[in-house]
Every structure is written in structure tokens, then in C-alpha cells.
Q: 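Dumping the structure here so I can ask a few things about it.
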Amino acid sequence: MVGKVDHIGIAVKNLDEALKFYEDILGMKCVDKEVVEEQKVKVAFLPIGDTEVELLESTEENGPIAKFIEKKGEGIQHIAYRVDDIEKAIEELKEKGIKMIDEKPRYGAGGAKIAFLHPKSTFGVLIELCQRD
Ligand SMILES: C[C@@H](C(=O)O)C(=O)SCCNC(=O)CCNC(=O)[C@H](O)C(C)(C)COP(=O)(O)OP(=O)(O)OC[C@H]1O[C@@H](n2cnc3c(N)ncnc32)[C@H](O)[C@@H]1OP(=O)(O)O
Ligand SMILES: [Co+2]
């Protein structure tokens with residue numbers, strides 16, 4: 001059902017401060033920055049090998065990233081797997097009794113179609129499905 005790791009989502013308090021570490025110290029390069037209103041986040045993408053790191057800063061106090069940092073601190077918040085047909089993947093997962101946070105695809109950064117699986121159904125990892133055409 002899933003292919004490669006599309007990206008690894010990392011929650012940070014301050015995107016620009018985090019970017020200094022990833023770019024100036026680790027030598028990675030930010031290729032894209034975007035505000036995704038629906039998710040209440042500002043994101044930056046840094047490709048690494050065949051995948052990418054997605055740094056996420058919350059734009060609102062009640063957003064998922066703000067809540068995550070409040071409860072768990074900064075760190076890995078989700079892992080995103082690439083799928084070819086997200087609607088089909090969602091249907092299959094639902095049929096198999098997996099709890100979906102999103103039962104319909106939502107807008108993801110860069111125009112991707114995304115949907116999250118609930119961590120209670122995935123052995124504790126917030127999983128994002130991601131389709132890019
Ligand atoms: C821009 C886009 C893109 O790539 O294009 C993105 O990535 S947007 C990325 C940001 N957007 C999202 O994350 C959207 C999907 N996320 C959500 O809907 C939410 O954050 C939930 C995952 C449902 C958690 O919601 P909330 O914090 O209100 O619930 P909660 O604290 O009661 O959490 C319920 C249980 O899930 C656990 N839990 C919460 N967040 C977790 C996470 N990131 N990874 C693993 N477990 C997690 C909690 O510890 C708790 O377990 P216990 O009950 O055992 O304590
Ligand atoms: Co993501």
C-alpha cells in the first residue's frame with residue numbers, strides 16, 4: 001500500500017532558529033517554505049537522500065503542532081508515507097478497522113493530498129499518507 005518515506009515531520013518552536021541548525025550546521029538545504037492554513041502550520045522542506053525533513057512551526061496556539069509541543073516537547077511528530085491512490089488507501093484502511101483522523105484527503109504542502117491515521121491504531125506513531133501527482 002505504501003511506498004517510500006515521503007517525509008519526516010519534526011515539530012519546532014521556531015522555524016527560523018531550527019533552519020539555522022539544519023542548514024548552517026548540518027548542511028542541508030531548504031527548498032520550500034509554505035503556510036498551510038488548514039493545519040495551522042508554517043513548514044519548511046529539506047530534501048535528504050530520497051526523502052525530506054519537514055520542519056513544522058505552529059501558527060496558532062490551538063493547532064496540532066502547538067499541542068504536541070506542549071505535551072511532548074519538540075521532536076518527531078509524524079512520518080509520512082507516499083501512496084499512489086490516497087482515496088483507495090483510505091478505503092482499504094477503513095475496511096481493515098484502522099482509525100483514520102481524515103476520512104477524506106486534505107490539502108498538504110506543495111499541493112499534495114494528505115490524510116492522517118490515528119496513533120492509537122498504529123502502535124503509537126502518527127502516520128500521514130501523502131499522494132503527489
Ligand atoms: C502540512 C502537512 C504536510 O505534510 O503537508 C502536515 O504534515 S501537517 C502536520 C500537523 N497536523 C496534524 O498533526 C493533523 C493530525 N493530527 C491530529 O489530528 C492530532 O494532533 C491528533 C494526533 C489526533 C492528536 O490530537 P490531540 O493532541 O488533541 O489528542 P490527544 O493529546 O488527546 O492525543 C491522543 C493520543 O494520541 C497521542 N498522540 C498525540 N499526538 C501524537 C503524535 N504526534 N504521535 C504519536 N502519538 C500522539 C497522545 O499522546 C494521546 O495518547 P494517550 O491517550 O496515550 O496519552
Ligand atoms: Co507532513
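As the structure lists them, so they are numbered: ligands from 1, and atoms in each ligand from 1.
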Q: Are Ile101 and Leu126 packed together at the side-chain level, in the sense that at least one heavy-atom pair is separated by less than 4.5 angstrom?
A: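 Touching, per the 4.5 Å side-chain cut-off.
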Q: Run the numbers on Lys29 and Glu23 for side-chain contact (heavy atoms from CB on, under 4.5 Å), then give the verdict.
A: CA-CA 6 Å; Lys29 197 164 166 33; Glu23 294 199 299; 4.2 Å; yes
Q: If you look at each N/O of ligand 1, which protein N/O atoms lie under 3.5 Å away, and at what distance?
A:
residue  : atom   : partner : partner atom : Å
ligand 1 : 4 (O)  : His7    : NE2          : 3.1
ligand 1 : 4 (O)  : Glu54   : OE1          : 3.2
ligand 1 : 4 (O)  : Glu54   : OE2          : 2.7
ligand 1 : 4 (O)  : Glu128  : OE1          : 3.2
ligand 1 : 4 (O)  : Glu128  : OE2          : 3.1
ligand 1 : 5 (O)  : Ala109  : N            : 2.8
ligand 1 : 7 (O)  : Glu54   : OE1          : 3.1
ligand 1 : 7 (O)  : His78   : NE2          : 3.1
ligand 1 : 7 (O)  : Glu128  : OE1          : 3.1
ligand 1 : 11 (N) : Gln39   : OE1          : 2.9
ligand 1 : 13 (O) : Gln77   : NE2          : 2.9
ligand 1 : 27 (O) : Lys71   : NZ           : 3.2
ligand 1 : 28 (O) : Lys67   : NZ           : 3.1
ligand 1 : 31 (O) : Lys71   : NZ           : 2.2
ligand 1 : 43 (N) : Gln77   : O            : 2.9
ligand 1 : 49 (O) : Lys72   : NZ           : 3.1
ligand 1 : 51 (O) : Lys120  : NZ           : 3.3
ligand 1 : 53 (O) : Lys120  : NZ           : 3.3
ligand 1 : 54 (O) : Lys120  : NZ           : 2.6

Q: Could you tell me whether Lys33 and Asp16 have a side-chain N and a carboxylate O separated by less than 4.0 Å?
A: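 A salt bridge is present here (some side-chain N lies under 4.0 Å from a carboxylate O).
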Q: Under a 4.0 Å N-O cut-off, is there an ion pair linking Lys67 with Glu70?
A: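 Salt bridge flag = no for Glu70 with Lys67.
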Q: Counting no waters, what protein N/O/S atoms lie under 2.8 Å from the Co ion (ligand 2)?
A: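 Atoms qualifying: His7 NE2, Glu54 OE1, His78 NE2, Glu128 OE1.
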Q: Is it true that Met28 and Leu56 fall in one hydrophobic cluster, defined by side-chain heavy atoms closer than 4.5 Å?
A: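 Each belongs to a different hydrophobic cluster.
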Q: Any Lys/Arg nitrogen of Glu91 or Lys88 sitting under 4.0 Å from an Asp/Glu carboxylate oxygen of the other?
A: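 Judged by the 4.0 Å cut-off on N to carboxylate O distance, Glu91 and Lys88 do not form a salt bridge.
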Q: Identify the heavy atoms of Glu74 and Asn14 that sit nearest to each other, and give their distance.
A: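 Closest heavy-atom pair between Glu74 and Asn14: OE2-N, 4.5 Å.
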Q: Quick one: side-chain hydrogen bond (donor to acceptor under 3.5 Å, both in side chains) partners of Gln77, sequence neighbours excluded?
A: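 Gln77: no side-chain hydrogen bond (donor to acceptor under 3.5 Å, both in side chains) contacts found.
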Q: Suppose the criterion is ring-ring contact (aromatic ring centres under 6.0 Å, His included): which pairs have a residue in residues 52-102, not counting sequence neighbours?
A: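 For residues 52-102, and leaving out neighbouring residues, the ring-ring contact (aromatic ring centres under 6.0 Å, His included) pairs sorted by first residue read His7-His78, His78-Phe116.
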